Chemist: 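First the structure, which I've put down as structure tokens, then a few questions once you've had a look.
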Amino acid sequence: RIDQPLILLSEGGCMQKRFLFIVLLSVLLTANAWASTVYVDAANTSGIEDGTATYPFNTIQEGLNAAITGDAVSVAPGIYRGTIELKHEVKLISQQGPKATKIIGTGWYAVLQAYAVGANTYIEGFTITGSSYGVLIEDRVSFWGHNYMQIHNCILSDAGVAVSMNPNSHLTITRSLIYFTSMGIN
């Protein structure tokens, strides 16, 4: 029973333990409730952008800029252009997969840049193409910094290097295709 003391101490100590237990349980049960979804759709030309499903941002970078740790950025089918900087522990997810959602680089540097990212930084369902690097994973502070990245169900093509990362980076790639690159993973 939850009203029974966890550890028999003086009455004050017991109350403190119960209080801490309830606070900890509340935090654990609501941790995922804080995460939200930010929406992006290149076809939104309404002039109203707030990141909701009704008024999505029209660029991926705007969606990522609005997201916080633990959020997901849901991207509608379409073609998105430019260099995009990923955010720490934010998931970037295509709504309809790599054949419907493409990110095309500017031809120079990286399509997706990940600086000092954590284990829950995740990309799923994109074609990433048209730049010197498809995905660049590095640390701005130290060449030996630790970064974590997951790439799932993506197509990386037409890049000098599909994925480039510094030595202490940790990368998981699943169900993805790399082709027409000078180098796959460096």
Side-chain angles (χ1 to χ4, degrees), residues 35 37-44 49 51 53 56-140 143 145-186:
T37 301
V38 177
Y39 293 90
V40 174
D41 187 348
N44 179 14
E49 299 177 42
F57 293 111
N58 59 18
T59 70
I60 294 173
Q61 193 63 61
E62 287 176 308
L64 287 166
N65 290 346
I68 61 171
T69 296
D71 284 354
V73 176
S74 177
V75 182
I79 296 175
Y80 299 85
R81 297 183 187 279
T83 297
I84 297 166
E85 186 172 329
L86 300 173
K87 255 181 136 171
H88 176 71
E89 303 218 1
V90 171
K91 295 178 174 142
L92 182 62
I93 302 170
S94 163
Q95 294 171 5
Q96 293 187 12
K99 292 190 178 186
T101 313
K102 297 180 180 181
I103 305 172
I104 301 173
T106 60
W108 188 83
Y109 210 54
V111 179
L112 296 176
Q113 299 173 6
Y115 301 111
V117 293
N120 290 321
T121 306
Y122 182 87
I123 306 166
E124 179 179 347
F126 293 91
T127 293
I128 301 165
T129 186
S131 206
S132 299
Y133 299 95
V135 179
L136 178 64
I137 306 166
E138 61 184 16
D139 192 312
R140 288 182 173 158
F143 180 72
H146 292 275
N147 293 289
Y148 300 85
M149 172 74 96
Q150 298 176 52
I151 299 173
H152 179 72
N153 191 31
C154 287
I155 298 170
L156 295 106
S157 68
D158 299 310
V161 179
V163 179
S164 180
M165 56 190 182
N166 57 342
N168 284 347
S169 295
H170 304 273
L171 173 66
T172 303
I173 299 180
T174 56
R175 298 187 63 203
S176 295
L177 178 63
I178 297 173
Y179 69 95
F180 293 131
T181 64
S182 300
M183 186 177 297
I185 300 172
N186 178 21

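Every heavy atom of this structure was used, including side-chain atoms; hydrogens, water molecules and symmetry mates were not. The structure presented is a predicted model; accordingly, all values stated were derived computationally and were not measured.
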Chemist: Nearest 0.5 Å, please: how far is CD1 in I137 from OG in S164?
Modeler: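 CD1 of I137 is found 8.5 Å from OG of S164.
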Chemist: When rounded to the nearest 0.5 angstrom, what distance separates NZ in K102 from OG1 in T127?
Modeler: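 Separation between the atoms: 5.5 Å.
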Chemist: Compare every heavy atom of C154 with every heavy atom of G125, then report the nearest pair and how far apart it is.
Modeler: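 Nearest heavy atoms, G125 then C154: N-SG, 3.6 Å.
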Chemist: Is there a side-chain contact between T181 and L156 in this structure, where contact means two heavy atoms from C-beta onward sitting under 4.5 Å apart?
Modeler: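 T181 does not reach L156 side chain to side chain.
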Chemist: For H152, which residues count as a ring pair (Phe, Tyr, Trp, His ring centres under 6.0 Å) partner, sequence neighbours excluded?
Modeler: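 So H152 forms no ring pair (Phe, Tyr, Trp, His ring centres under 6.0 Å) with any residue.
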Chemist: Please identify which of these residues, I123, V75, I84, meets the side chain to side chain contact (heavy atoms under 4.5 Å, CB included) condition with I103.
Modeler: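 Of I123, V75, I84, side chain to side chain contact (heavy atoms under 4.5 Å, CB included) with I103 is met by I84 alone.
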Chemist: Say you draw a straight line from CZ of F126 to CG of L92; how long is it, rounded to the nearest 0.5 Å?
Modeler: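 Nearest 0.5 Å value for the CZ-CG distance: 4.0 Å.
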Chemist: Which value, rounded to the nearest 0.5 Å, describes the distance between N120 atom CG and T69 atom OG1?
Modeler: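 It is 9.5 Å, given to the nearest 0.5 Å.
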Chemist: May I ask you to check whether over 12 heavy atoms, not counting those of F57, lie within 6.0 Å of atom CZ?
Modeler: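 Yes, because the 6.0 Å sphere around CZ of F57 holds more than 12 heavy atoms from other groups.
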Chemist: Enumerate donor-acceptor pairs with a distance under 3.5 Å from any side-chain N or O in residues 76-83 to protein atoms, sequence neighbours excluded.
Modeler:
from	atom 1	to	atom 2	distance (Å)
Y80	OH	A42	N	3.1
Y80	OH	A76	O	2.9
T83	OG1	A110	O	3.1

Chemist: Does any donor atom in the side chain of T172 or Q150 lie under 3.5 Å from an acceptor atom in the other side chain?
Modeler: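 No - no donor-acceptor pair under 3.5 Å links their side chains.
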Chemist: Distance only, no hydrogens: is a donor on one side chain within 3.5 Å (strictly under) of an acceptor on the other, for N58 and E49?
Modeler: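 Short answer, yes.
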Chemist: Can you find a pair of side-chain heavy atoms, one from I185 and one from I178, that are under 4.5 Å apart?
Modeler: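 Answer yes - side chains close enough.
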Chemist: Less than 4.5 Å apart, side chain to side chain, heavy atoms only: is that true for S132 and Y109?
Modeler: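 They are not in contact (no side-chain heavy atoms under 4.5 Å apart), so the answer is no.
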Chemist: S131: what forms a side chain to side chain donor-acceptor pair (under 3.5 Å) with it, not counting sequence neighbours?
Modeler: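 Side chain to side chain donor-acceptor pair (under 3.5 Å) list for S131, sorted by chain: empty.
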Chemist: For a quick test of reading the model, state the closest non-hydrogen atom pair linking G63 to V40 and the distance between them.
Modeler: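 In this case the closest contact between G63 and V40 is CA-CG2, 3.9 Å.
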Chemist: Starting at CG of L171, measure out to OH of Y148 and round the result to the nearest 0.5 Å.
Modeler: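 One gets 12.5 Å once the value is rounded to the nearest 0.5 Å.
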Chemist: To the nearest 0.5 Å, what is the distance between CG on L112 and CD on E85?
Modeler: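 Between L112 CG and E85 CD, I get 10.5 Å after rounding to 0.5 Å.
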Chemist: Identify the heavy atoms of I128 and G134 that sit nearest to each other, and give their distance.
Modeler: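 Scanning both residues, the minimum pair turns out to be CG2-O, 3.6 Å.
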Chemist: Nearest heavy-atom pair of T37 and S74: which atoms, and what distance?
Modeler: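 Heavy atoms of T37 and S74 come nearest at CG2-CB, 3.8 Å.
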Chemist: So does I68 get a backbone contact from the side chain of D71, meaning a donor-acceptor N/O pair under 3.5 Å?
Modeler: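 Judged by distance alone, yes, a pair lies under 3.5 Å.
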Chemist: Tell me, do V73 and K87 make a side-chain contact under 4.5 Å, heavy atoms counted?
Modeler: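 Counting from C-beta outward, V73 and K87 never come under 4.5 Å.
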Chemist: Do T129 and V111 come within less than 4.5 Å of each other through their side chains, counting heavy atoms only?
Modeler: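 Heavy-atom side-chain distance check fails, nothing below 4.5 Å.
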